[in-house]
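Beneath this line is the structure, given in structure tokens, with notes to follow.
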Number of protein chains: 2
Amino acid sequence: MSDKPVTIKDVAREAGVSAMTVSNVLNGRGRVAETTAQNVRDVVERLGYRPSVAARRLRLSQQWTIGMLIVVEDPDFLSDPFITAQVTGLTNYLTAHAYSLILRGIKPSDFRTSGLFQDIEADGMVAILSGDEVQRKWFVSELATLRVPFVLLQEHQRPAHDDCTIIRQDDFDGGRQIARHLIANGTRTCWMLMPQTEWPAMRARMEGVASVWREAGLPPPEVIRCADESFDVNYAETLAALRSRKAPDAIVGGNDQMAVGAMKACIAHGLRVPEDIQITGFNAFDFWRYVDPVLTTVRSAAHALGERAAAELIARLQAATFSSHEIILPVKLEPGASTRS
Amino acid sequence: MSDKPVTIKDVAREAGVSAMTVSNVLNGRGRVAETTAQNVRDVVERLGYRPSVAARRLRLSQQWTIGMLIVVEDPDFLSDPFITAQVTGLTNYLTAHAYSLILRGIKPSDFRTSGLFQDIEADGMVAILSGDEVQRKWFVSELATLRVPFVLLQEHQRPAHDDCTIIRQDDFDGGRQIARHLIANGTRTCWMLMPQTEWPAMRARMEGVASVWREAGLPPPEVIRCADESFDVNYAETLAALRSRKAPDAIVGGNDQMAVGAMKACIAHGLRVPEDIQITGFNAFDFWRYVDPVLTTVRSAAHALGERAAAELIARLQAATFSSHEIILPVKLEPGASTRS
DNA sequence: CTGAAAGCGCTTACAG
DNA sequence: CTGAAAGCGCTTACAG
């Protein structure tokens with residue numbers, strides 16, 4: 001048992017055939033006599049031969065690899081359940097189709113320091129971007145230099161580049177579902193909790209809410225800006241708002257976490273949920289159920305987004321072009337006890 | 001702008017030098033005249049040349065890639081914050097050191113269907129295993145066939161294989177910290193919530209608790225078996241237990257999620273936390289703070305585990321052997337309001 | 001049914 | 001300081 005890896009030549013020599021016969025047996029190509037084939041398989045087993053993926057890749061100039069780029073400020077990027085769900089959907093689909101996933105988190109500010117993703121040799125890329133529109137455009141143009149097809153997750157703006165597609169969920173409609181639910185139970189005044197750095201999905205949610213409000217002829221919801229999306233900050237900002245002015249009928253959180261912060265603030269302020277004030281979140285990730293009362297929220301399609309990204313990319317690799325340049329997945333209201341029915 | 005990728009030969013031709021001069025310039029090897037070098041760099045830039053990683057890998061038989069194998073039953077494996085934190089620590093460290101990460105989730109039952117990880121061509125592997133001891137031994141022996149160094153995360157048993165190391169946190173001590181905290185405030189009777197499929201880390205926690213109980217000369221804590229680790233199941237099992245017999249002074253959850261299930265069950269049963277009964281969790285991931293009362297728990301070293309795994313693996317790749325075969329990271333009690341001080 | 005040749009795109013000695 | 005040759009481990013036509 002030497003330390004040198006076993007190559008196809010070793011197998012060929014041992015089996016008394018040529019290397020390409022071994023190759024043919026292993027890949028089921030060409031016609032090989034069954035006795036020869038069986039012999040080859042035995043030798044492969046005995047020698048513990050494993051084909052070199054690197055050689056295969058070089059020869060076929062195909063990588064069977066998809067790169068996933070997550071461009072976010074937080075180095076702890078996987079702690080966001082929305083992101084992890086997408087990554088999970090992606091890996092699961094890829095693994096089932098014999099593709100590997102290369103995962104890379106990168107800060108927006110580091111993006112300019114090229115080479116941080118240039119060395120990813122993949123057949124296609126999936127990216128979750130962040131930052132303002134100018135930055136995102138820059139990211140997309142940098143991605144395009146890789147000359148491989150790519151999918152942008154949760155992107156709202158269709159980029160100029162052609163060999164790519166955007167896949168997102170219908171945040172706008174999610175916002176509308178929340179708003180209709182609230183208005184149906186008599187809600188008239190509403191605050192919307194938004195983070196300072198307002199990314200497209202969250203903006204779409206709020207625009208969805210606002211559109212229904214407008215259609216109902218009600219005064220527009222008031223936007224409360226919070227420094228970030230953390231529980232603590234949203235708790236504090238909500239409490240401050242409640243102390244400074246009259247409480248609204250409902251508070252719409254940009255996501256579950258923000259909503260829970262707001263809910264705890266309301267309770268601390270002496271308000272009953274949902275009797276005095278109603279709260280809604282967005283995403284329906286795990287912990288929303290531990291909260292008391294259980295949060296009314298919208299179930300996100302995060303896992304499906306990741307799966308779909310993988311599916312579209314693999315389909316694109318087989319065809320020559322993407323079949324669609326924009327895919328929108330539906331979301332569904334998940335009524336809880338933090339709103340009145 | 002043709003579609004064919006630019007190779008080192010194209011650059012060489014265009015720059016009027018040989019391929020190896022280009023290689024030398026790009027890798028800073030050998031002495032190259034500065035004028036030649038600058039010219040080469042210009043051509044590289046102009047042609048948008050990116051070296052083929054596949055060719056480089058084949059030539060150098062080095063992959064600059066670490067594979068991460070997560071062997072768990074749940075296809076939604078990244079939804080476990082303990083796992084995501086480890087993955088994050090791993091990727092961050094690897095990226096900073098110019099290594100790529102290949103991520104793969106795999107069910108224990110699929111493990112036998114070899115080839116599911118055999119095609120991962122990496123310089124080293126990191127694995128999170130599950131299942132009983134027999135299964136784990138099998139996994140380790142399978143991993144060893146890859147002939148690359150590997151790290152086992154959260155493994156408690158040092159495997160026979162030599163070119164590997166285990167890295168885990170001190171779950172036993174975490175259990176002891178919890179137990180000392182409880183006994184110090186007068187706790188005498190205690191239930192421990194354990195999942196049916198009892199993995200080593202959780203068992204270590206409980207043994208830590210039990211050891212302190214034993215040293216204090218108290219009757220051993222009672223183990224409550226729950227079908228799984230979900231909130232719902234633990235809620236139901238705890239409620240059933242509370243109805244069948246006298247409530248203990250405290251309930252120690254195997255992790256935060258189980259603890260929250262137990263806490264809600266206690267409250268539903270009419271008990272006050274922590275006045276009538278105390279609850280403790282384990283891990284200190286995000287949501288434990290949203291719970292009311294805030295859970296007493298133990299802060300896990302998950303992120304550090306991932307980082308350390310990467311560091312050890314890269315060090316091993318440079319040296320010839322692992323410097324240590326067992327690394328244990330400390331954990332810290334995080335007192336909350338679900339226990340009395 | 002089987003094999004000798006060529007080549008994927010690099011880099012490492014080794015000459016000049 | 002620079003280059004011609006060889007080879008990493010495969011697979012794809014093409015002959016026999």
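Given the structure is predicted, the values throughout are model-derived calculations rather than measurements. Below, all heavy atoms of this structure are taken into account, side chains as well, without hydrogens, waters or symmetry copies. Chain letters run A, B, ... following the sequence lines, proteins first and then strands; every chain starts at 1.
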- Task: Ignoring the backbone of Ala55(A), work out which of dC10(C), dG9(D), dG3(C) is nearest its side chain.
- Result: dG9(D)
- Query: In whole angstroms, how far is the P atom of dA5(C) from the CZ atom of Arg59(A)?
  - Reply: 16 Å
- Item | Nearest-neighbour nucleotide for the Ser52(B) side chain, dG9(D), dG3(D), dC10(C) considered | dC10(C)
- dC10(D) C1' sits how many Å from Glu121(B) CD, rounded? 11 Å
- Shortest side-chain distance from Val17(A), nucleotide among dG3(C), dC10(C), dC10(D): dG3(C)
- Message: Just to be sure I understand the rule, does Ser61(A) reach a base, reach only the sugar-phosphate, or reach nothing, if contact means heavy atoms closer than 4.0 Å?
- Response: nothing
- Message: Please check this pair: side chain of Thr165(B) against backbone of Ser324(B), looking for a donor-acceptor N/O pair closer than 3.5 Å.
- Response: yes
- Got a salt bridge between Glu155(B) and Arg168(B), using NZ or NE/NH1/NH2 to carboxylate O under 4.0 Å? no
- Give a yes/no answer on whether the side chain of Arg57(A) brings an N or O atom under 4.0 Å of OP1 or OP2 in dC8(C). no
- According to a strict under-4.0 Å criterion, is Thr36(B) in side-chain N/O contact with OP1 or OP2 of dT2(D)? yes
- Please report, rounded to the nearest Å, how far the C1' atom of dT2(D) is from the CD atom of Glu34(B). 16 Å
- Given the options Thr35(B), Thr36(B), Asp42(B), Gln38(B) meets side-chain hydrogen bond (donor to acceptor under 3.5 Å, both in side chains) only with Asp42(B)
- Message: I want to check one thing: is the phosphate of dG3(D), taken as OP1 and OP2, less than 4.0 Å away from some side-chain N or O of Ser18(B)?
- Response: yes
- Note on the structure: Ile8(A) CD1 to dT12(D) P, in whole Å, measures 11 Å
- Taking atom P of dC8(C) as reference, at what distance in whole Å does atom CD of Gln62(A) sit? 17 Å
- Kindly point out which of dT2(C), dT11(D), dG3(C) is positioned nearest to the side chain of Asn27(A)? dT11(D)
- Atom NZ of Lys9(B) and atom C1' of dG9(C) are separated, to the nearest Å, by 8 Å
- Query: Between dG9(C) atom P and Arg56(A) atom CZ, what is the distance in whole Å?
  - Reply: 17 Å
- Message: So for atom CD, which belongs to Glu45(B), do other residues, nucleotides or ligands contribute more than 12 heavy atoms lying within a distance under 6.0 Å?
- Response: no
- Between Leu60(B) and Thr21(B), which has a closest nucleotide on DNA chain D that is more 5'? Thr21(B)
- According to the Watson-Crick and G-U wobble definitions, with both distances under 3.5 Å, which nucleotide is paired to dA15(D)? dT2(C)
- d(CG, Leu58(A); P, dC10(C)) in whole Å: 9 Å
- Query: Distance check: side-chain N/O of Ser23(B) vs OP1/OP2 of dC10(C), anything under 4.0 Å?
  - Reply: no
- Message: With a 4.0 Å cut-off on N to O distance, would you call Lys137(A) and Glu133(A) a salt bridge?
- Response: no
- Task: Counting heavy atoms from C-beta on, name the nucleotide in dG3(C), dT2(C), dC10(D) closest to the side chain of Met20(A).
- Result: dG3(C)
